[in-house]
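Beneath this line is the structure, given in structure tokens, with notes to follow.
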Amino acid sequence: MYVYFRYTVIFGLLLTGMFGFLACQKERVEIEKPHPYTLDIPKNFPSDLNIPIDNPLTEEGVKLGRFLFYDGRMSGRNQQDSLMSCGTCHIQSSSFECGINHPKFKDGHPFGLTGIKTPHVMLPFINLVFNNNGYFWNGMIHPSNPNSERRTLEDIVYMGVIAPHELHGDSIRTVKMIQSIKGYPELFEKAFGSNVVTMKNISKAIAQFIRTLISTNSKFDRYCRGEEQLTYQEYKGWIIFEEEADCANCHGSILLTNNLFFNNGKQTDFSGANEDTRDRFHYTGITSDIGSYKATTLRNIDLTGPYMHDGRFKSLDEVINFYSEGIHDSPYISPQMQFASNGGMHLNADSKAALKAFLMTLHDNDFINNPAFARPALFPDNSN
Ligand code: HEC
Ligand code: HEC
């Protein structure tokens, strides 16, 4: 309970008494405590959530975070020249990626206000609250990161505001801008007990909103809960995914990812001019991490092309062909890529079609249409 004590000096007569006196009285002004936000998580999902003790989910925090996430003024510029919010790139209809058909970000490769491209293609926001193994393609945003400002989802918000390839903002200007917008200070007070806007509370609010972005209602989910049947082809694809093609070694469990990092055998320049200095190796220094990246979730995978950290595959067919016959063996390839020495598992056309049909069952319409995740129609100052 947020309780504020205001000391009011009251001069006056005590009506019940015979004489006047000076009274010093405590006046209690109570601001309602924020209400806990309940995540609706089915029983077959993990219970180990990535929610820090100092930033529990609250209705008020999530509501504020949603406004800030979609507000172009977060770059610290005024409405006229502010062109970018988190939601410019992380778009709900594309599972909070920009999608391959974005009119501006050709081939799904976004750039920030400066025009500088992001080093990798995008990652979606989907079930990040279940990820305790680090964020970004290389997992560098992790509690063990020696850089204390790059450890949590909250830190990523800060980085997104500042980065020249994203909002290209400035923390002082952004705070000043949000503080000056009618309606925001009140929302900060409700969420965090103070109407003074800070980068810390901005980051907390947006991180809370991102943690609510949960997908649990794909056809595959309904199948797992016994609510809907898969077709024969989808079922066959699932068996291939789980057993024949070993996809589940890395994209397994109900999350369709184990949130770990692997070298999955793409043809890669490990030392030449095209070497990627942002693979997992460049973060951990461990040789077996050369060419390793996050095995992303395959939920809503139909929406998030182009595929892989560098967007080298434009379609799911290209990805399936790669795993089937395009694997490039190297000293760094993950032992989980069991068909590596053969160049892949060599699926026939029927099996490829079945595998693709299964991947399409991971599409979650409710997630991309959930009004609670959408851009608000009106912002706190009633602008749109
Ligand atoms: C210009 C487009 C762009 C904008 C604007 C942008 N992002 Fe991103 N975001 C990306 C890209 C690209 C990645 C993948 C980064 C990587 O791993 O190399 C990413 C990754 C992330 C991730 C990590 C997801 C994961 O699974 O690890 C989070 C969280 C995130 N962004 C939050 C934000 C927030 C919050 C904002 C607003 C402050 C924002 N982003 C603005 C492009 C953008
Ligand atoms: C050894 C672990 C491993 C196995 C086995 C594996 N993958 Fe992957 N997968 C990864 C990694 C790591 C990435 C990201 C690589 C990158 O970005 O360079 C990835 C990326 C993908 C992507 C693109 C994701 C995106 O967001 O761009 C798809 C689709 C995919 N895998 C499907 C499959 C399928 C289907 C199978 C089985 C035929 C499979 N994977 C087997 C580790 C694996």
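All of these numbers come straight from a predicted model, not from anything done at the bench. We use all heavy atoms of the structure for the numbers below, so side chains are in, but hydrogens, waters and symmetry mates are not. Counting starts at 1 for both ligands and their atoms, following the listed order.
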At atom 8 (Fe) of ligand 2, NE2 of H251 and OH of Y323 open up to roughly (10° bins) 170°
Nearest heavy atom to atom 7 (N) of ligand 1, choosing from M122, H120, H90, M159, belongs to H90
of all protein heavy atoms, closest to atom 17 (O) of ligand 1 is W137 N, 2.9 Å
Checking heavy atoms under 4.0 Å, the part of D246 that sits near ligand 2 is backbone
Note: M84, heavy atoms under 4.0 Å from ligand 1, region reported as side chain
Near H309 (heavy-atom distance under 4.0 Å), the atoms of ligand 2 are 16 (C), 17 (O), 18 (O)
Between the CH2 atom in W238 and the OH atom in Y223, the distance rounded to the nearest 0.5 Å is 4.5 Å
Atom 20 (C) of ligand 1 sits nearest the protein heavy atom F136 CE1, 3.8 Å
For atom 32 (C) of ligand 1, the closest protein heavy atom turns out to be F125 CZ, 3.3 Å
Check the orientation of W137 and H309. Use parallel for under 30°, tilted for 30 to 60°, and perpendicular for over 60°. perpendicular
Report task. Using distance alone, determine whether C86 and ligand 1 share an N or O pair under 3.5 Å. Result -> no
The closest protein heavy-atom partner of atom 1 (C) of ligand 1 is C89 SG, 2.7 Å
S85 versus ligand 1: do any nitrogen or oxygen atoms come within less than 3.5 Å of each other? no
NZ of K200: more than 12 outside heavy atoms within 6.0 angstrom? no
The protein heavy atom nearest to atom 29 (C) of ligand 1 is L153 CD1, 3.4 Å
Practice task
Describe, in one word, how the ring planes of H90 and F125 are oriented to each other, choosing from parallel (under 30°), tilted (30 to 60°) and perpendicular (over 60°).
Solution key: parallel
For atom 10 (C) of ligand 1, the closest protein heavy atom turns out to be E166 OE2, 3.5 Å
| Given side chains that start at C-beta, do those of I301 and H251 come closer than 4.5 Å, heavy atoms only? | no
| task | Verify the neighbour count for atom CD of E227: are there more than 12 heavy atoms of other residues, nucleotides or ligands below 6.0 Å? | result | yes
the protein heavy atom lying closest to atom 14 (C) of ligand 1 turns out to be V121 O, 3.7 Å
Within the 4.0 Å heavy-atom cut-off, what K266 brings close to ligand 2 is side chain
For atom 26 (O) of ligand 1, the closest protein heavy atom turns out to be L128 CD2, 3.5 Å
So the atoms of ligand 1 within less than 4.0 Å of a heavy atom of H165 turn out to be 1 (C)
Check your understanding: Side-chain contact, heavy-atom cut-off 4.5 Å: F220 with R299?
Key -> no
So the atoms of ligand 1 within less than 4.0 Å of a heavy atom of I156 turn out to be 28 (C), 29 (C), 30 (C), 32 (C)
The atoms of ligand 2 lying under 4.0 Å from a heavy atom of A245, numbered in the order shown, are 37 (C), 38 (C)
